[in-house]
Engineer: 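First the structure, which I've put down as structure tokens, then a few questions once you've had a look.
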Number of protein chains: 2
Amino acid sequence: MNIATWNVNSVTVRLPHVLRWLIERTPDVVCLQEIKCTDERFPREAFAEIGYHAATHGQRTYNGVAILSRTEARDVVRGFDVSGDDEDDFSDVQARLIAATIEGVRVVNVYVPNGARVGSEKYVYKLRWLERFKTFIETNYGRDENIVVCGDFNIAPDDRDVHNPAAWAGSVLVSEPEREALDELKEWGFTDSFRLHEKQAEYFSWWDYRSGDFRRNAGARIDHVLISDGLISRSVKTWIDVEPRRWERPSDHTPVIAELA
Amino acid sequence: MNIATWNVNSVTVRLPHVLRWLIERTPDVVCLQEIKCTDERFPREAFAEIGYHAATHGQRTYNGVAILSRTEARDVVRGFDVSGDDEDDFSDVQARLIAATIEGVRVVNVYVPNGARVGSEKYVYKLRWLERFKTFIETNYGRDENIVVCGDFNIAPDDRDVHNPAAWAGSVLVSEPEREALDELKEWGFTDSFRLHEKQAEYFSWWDYRSGDFRRNAGARIDHVLISDGLISRSVKTWIDVEPRRWERPSDHTPVIAELA
DNA sequence: GTCGGGAGCG
DNA sequence: CGCTCCCGAC
């Protein structure tokens, strides 16, 4: 079972890329982020034509997540359960989370807030969101379940995961509080499936559009597939498919694929 | 000598179309309207590579005219001579006129104001602009000169030149004051070179993007090549090349080509 | 319907 | 840099 994650930066604009890639790689599940469209405008027919179901949680202009799957997703959950929240506003104004069960695996697809600059209001929101997400996991799942949490985390786990750690030091994507939040999530019971198989530095899943960052390979590894303990033995490999980033008018992210036996 | 006119609705967006068309038709001169870019941003290198010089009079966002030519244009004039104007503001805030001499022919390229709705402020400006243009011709040229005035006039000369004259009656593009203004220009000493050779109705150079007007051939002939008396005997034919309007992401106008022996 | 531009986001 | 929306123009 192959599960992929891809921040497509508009599913409308990237539709030809996503279709082409699905046909070439035939993953079983693909988690999309930044679809940037409402559920009504999601191009589900195009995906249906090549054999993919779609469960979507979109909004206009910003964010939006979706799960594509060869077999239909069950028990789809969109966003946090707002009823339990008190002051904190994690309602569906920002569509950043969708979860569903596919072939016995609970797939949780997240688009973690970017955080803008360290110390900014958006940064604080990012940390609060990660905290709220940990609570979501704790309250909804058990450690014995087969869970895959994947998506755009906007966090580079350690210094191997950014092109120039010295230049990035302390800034958003690598700051200690963000990395700690990710670590806490892992401590609950998740493993970065990419790092199970690859210890080397300089593997990236995102390159800023600006100043030729892709050409210079000035990227970061911020898209992850985390797997629960029960899936570790099934993890064959997790790899980053750089190809789509080379295509015409690409997303700034490229897919990450986790292969589970 | 072939002289063409084409409202391209953004030379930036239409560049591939214009290049393709120049290579296919090899006109000697092309007058472009609505280039919608400043002179600095005009893609002159792309035209130079296929053997065309460019004289431009652009502005950002709106309007903008240019003359492409195989041999270099001489005595380029941009806009009306403002110094002579009193109250009337026909300064270069709206780039609608460029003139130059090519191979002994004075080529005057105009983008006449659209006029919005009859009676509107923009309609009044259109009529004033046409009046000012007649003065420009009178004061700058002699009837013995070889002059070609071409461009987007936003005027359909008579009822043969609109798809549904009854529906259009009295509205902008066909209203009597506009047609009269065009007639007065002709009376100074110009002939509609298209009508020298073709008397039939339903030849159009523009079709609104909306409501499938092109598919229904619901267009108008508002792009013209007017020639001075001395050129009448050299006029072989003037024809409308509908092809580019069929291409992907076309301009709403298509080129008109005047062939001069 | 198809543009360019500006704002907001990343 | 690129994507979305809103705006005005035509």
Side-chain angles (χ1 to χ4, degrees), chain A residues 7-15 17 33-38 41 58-64 94 96 111-117 120-123 125-126 152-154 171-173 206-216 218-220 222-223 245 247-253, chain B residues 7-15 17 33-38 41 58-64 94-96 111-117 120-123 125-126 152-155 171-173 206-216 218-220 222-223 245 247-253:
Chain A
N7 179 322
V8 291
N9 189 13
S10 168
V11 73
T12 315
V13 174
R14 223 65 62 207
L15 185 59
H17 283 201
Q33 302 88 37
E34 285 205 88
I35 60 172
K36 290 186 175 175
C37 68
T38 56
R41 287 167 181 259
Q59 67 176 87
R60 51 178 262 182
T61 314
Y62 304 119
N63 315 312
Q94 296 196 28
R96 297 182 172 277
Y111 174 47
V112 176
N114 169 285
R117 263 161 298 280
S120 68
E121 215 167 275
K122 282 174 179 146
Y123 180 80
Y125 182 77
K126 180 181 193 171
D152 175 0
F153 285 76
N154 274 311
S171 66
V172 83
L173 304 190
W206 165 82
W207 301 259
D208 199 307
Y209 283 121
R210 287 163 282 196
S211 52
D213 280 8
F214 182 62
R215 202 183 26 75
R216 298 160 38 225
I222 59 179
D223 301 274
R245 181 64 239 236
W247 297 346
E248 189 116 1
R249 279 170 77 90
S251 167
D252 45 349
H253 297 249
Chain B
N7 178 323
V8 290
N9 188 13
S10 167
V11 73
T12 316
V13 174
R14 222 66 61 206
L15 185 59
H17 281 32
Q33 302 87 38
E34 284 205 88
I35 60 172
K36 290 186 174 174
C37 68
T38 56
R41 287 168 181 259
Q59 65 176 90
R60 51 182 259 183
T61 314
Y62 305 118
N63 314 312
Q94 296 196 27
R96 298 182 172 277
Y111 174 46
V112 176
N114 170 283
R117 263 161 299 279
S120 69
E121 215 167 276
K122 282 173 178 145
Y123 179 79
Y125 181 77
K126 179 181 193 172
D152 176 0
F153 285 77
N154 273 312
I155 302 172
S171 66
V172 82
L173 305 190
W206 166 81
W207 301 260
D208 199 307
Y209 283 122
R210 286 164 283 197
S211 53
D213 280 7
F214 181 62
R215 201 183 26 75
R216 297 160 38 225
I222 59 179
D223 301 274
R245 181 65 239 236
W247 297 345
E248 189 116 0
R249 278 172 78 90
S251 166
D252 46 349
H253 296 249

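Below, read A as the first sequence line, B as the second, and so on, with proteins coming before strands; counting in each chain starts at 1.
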Engineer: Whole-Å distance between C/dG10 P and A/L173 CG?
Structural biologist: 12 Å
Engineer: For the residue pair A/V112 and A/K126, establish whether any side-chain heavy-atom pair is separated by less than 4.5 Å.
Structural biologist: yes
Engineer: If you check the B/Y111 side chain, which of D/dC10, D/dC1, C/dC3 turns out closest?
Structural biologist: D/dC10
Engineer: Could you tell me the separation between the CG atom of A/N7 and the P atom of C/dC9, rounded to a whole number of Å?
Structural biologist: 17 Å
Engineer: Nearest-Å distance, CG (A/D252) to P (D/dT4)?
Structural biologist: 12 Å
Engineer: Counting only heavy atoms not in B/R117, do more than 12 fall under 6.0 Å of its CZ?
Structural biologist: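 Atom CZ in B/R117 is not packed in, count stays at 12 or less.
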Engineer: Using 30° and 60° as the class limits, which term best fits the ring planes of A/W247 and A/H17: parallel, tilted or perpendicular?
Structural biologist: perpendicular
Engineer: Please tell me if B/S10 has a side-chain N or O lying less than 4.0 Å from either OP1 or OP2 of C/dC3.
Structural biologist: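 Result: no.
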Engineer: What's the closest nucleotide to the A/Y62 side chain, out of C/dG4, C/dG8, C/dC3?
Structural biologist: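 Closest nucleotide among those given: C/dG8.
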Engineer: Would you kindly give the CD-to-P distance between A/E34 and D/dC5, to the nearest whole Å?
Structural biologist: 13 Å
Engineer: Where the side chain of B/N114 is defined as all heavy atoms beyond and including C-beta, which of C/dG4, D/dT4, D/dC10 is the nearest nucleotide?
Structural biologist: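 Output: D/dC10.
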Engineer: Side chains of A/P113 and A/K122: does their closest heavy-atom pair fall under 4.5 Å?
Structural biologist: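 They are not in contact (no side-chain heavy atoms under 4.5 Å apart), so the answer is no.
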Engineer: Starting from P on C/dG4, measure out to CD on B/Q59 and report it in whole angstrom.
Structural biologist: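 Rounded to whole Å, this separation is 14 Å.
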Engineer: If you pin B/W206 and A/R210 to their nearest nucleotides in DNA chain D, which one's is more 5'?
Structural biologist: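 Result of the comparison: A/R210.
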Engineer: For D/dC6, does either OP1 or OP2 sit under 4.0 Å from a side-chain N or O belonging to A/R60?
Structural biologist: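 The answer is yes; a side-chain N or O of A/R60 sits under 4.0 Å from OP1 or OP2.
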Engineer: For B/N154 and D/dA9, give me the distance from atom CG to atom P, rounded to whole Å.
Structural biologist: 15 Å
Engineer: Tell me the interatomic distance from B/Q94, atom CD, to D/dC10, atom P, rounded to whole angstroms.
Structural biologist: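 Distance, rounded to whole Å: 8 Å.
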Engineer: Hey, does the side chain of B/R249 come within less than 4.0 Å of C/dG1's phosphate (OP1/OP2), counting only N and O?
Structural biologist: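 No.
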Engineer: To the side chain of A/T61, which of D/dC3, C/dG4, D/dT4 is closest?
Structural biologist: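 Of D/dC3, C/dG4, D/dT4, D/dT4 is nearest to the side chain of A/T61.
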Engineer: Can you classify the ring geometry of B/H253 versus B/W206 as parallel (below 30°), tilted (30 to 60°) or perpendicular (above 60°)?
Structural biologist: tilted
Engineer: Among C/dC3, D/dC10, D/dT4, find the nucleotide with the atom closest to the side chain of B/R96.
Structural biologist: D/dC10
Engineer: Taking NZ from B/K36 and C1' from D/dC7, how many angstroms apart are they, rounded to a whole number?
Structural biologist: 13 Å
Engineer: Which part of the nucleic acid does A/R14 contact within heavy-atom distance under 4.0 Å: base, sugar-phosphate only, or nothing?
Structural biologist: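 The residue A/R14 makes sugar-phosphate contact but no base contact.
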Engineer: Just N and O in the side chain of A/K122: are any of them under 4.0 Å from OP1 or OP2 of C/dG10?
Structural biologist: yes
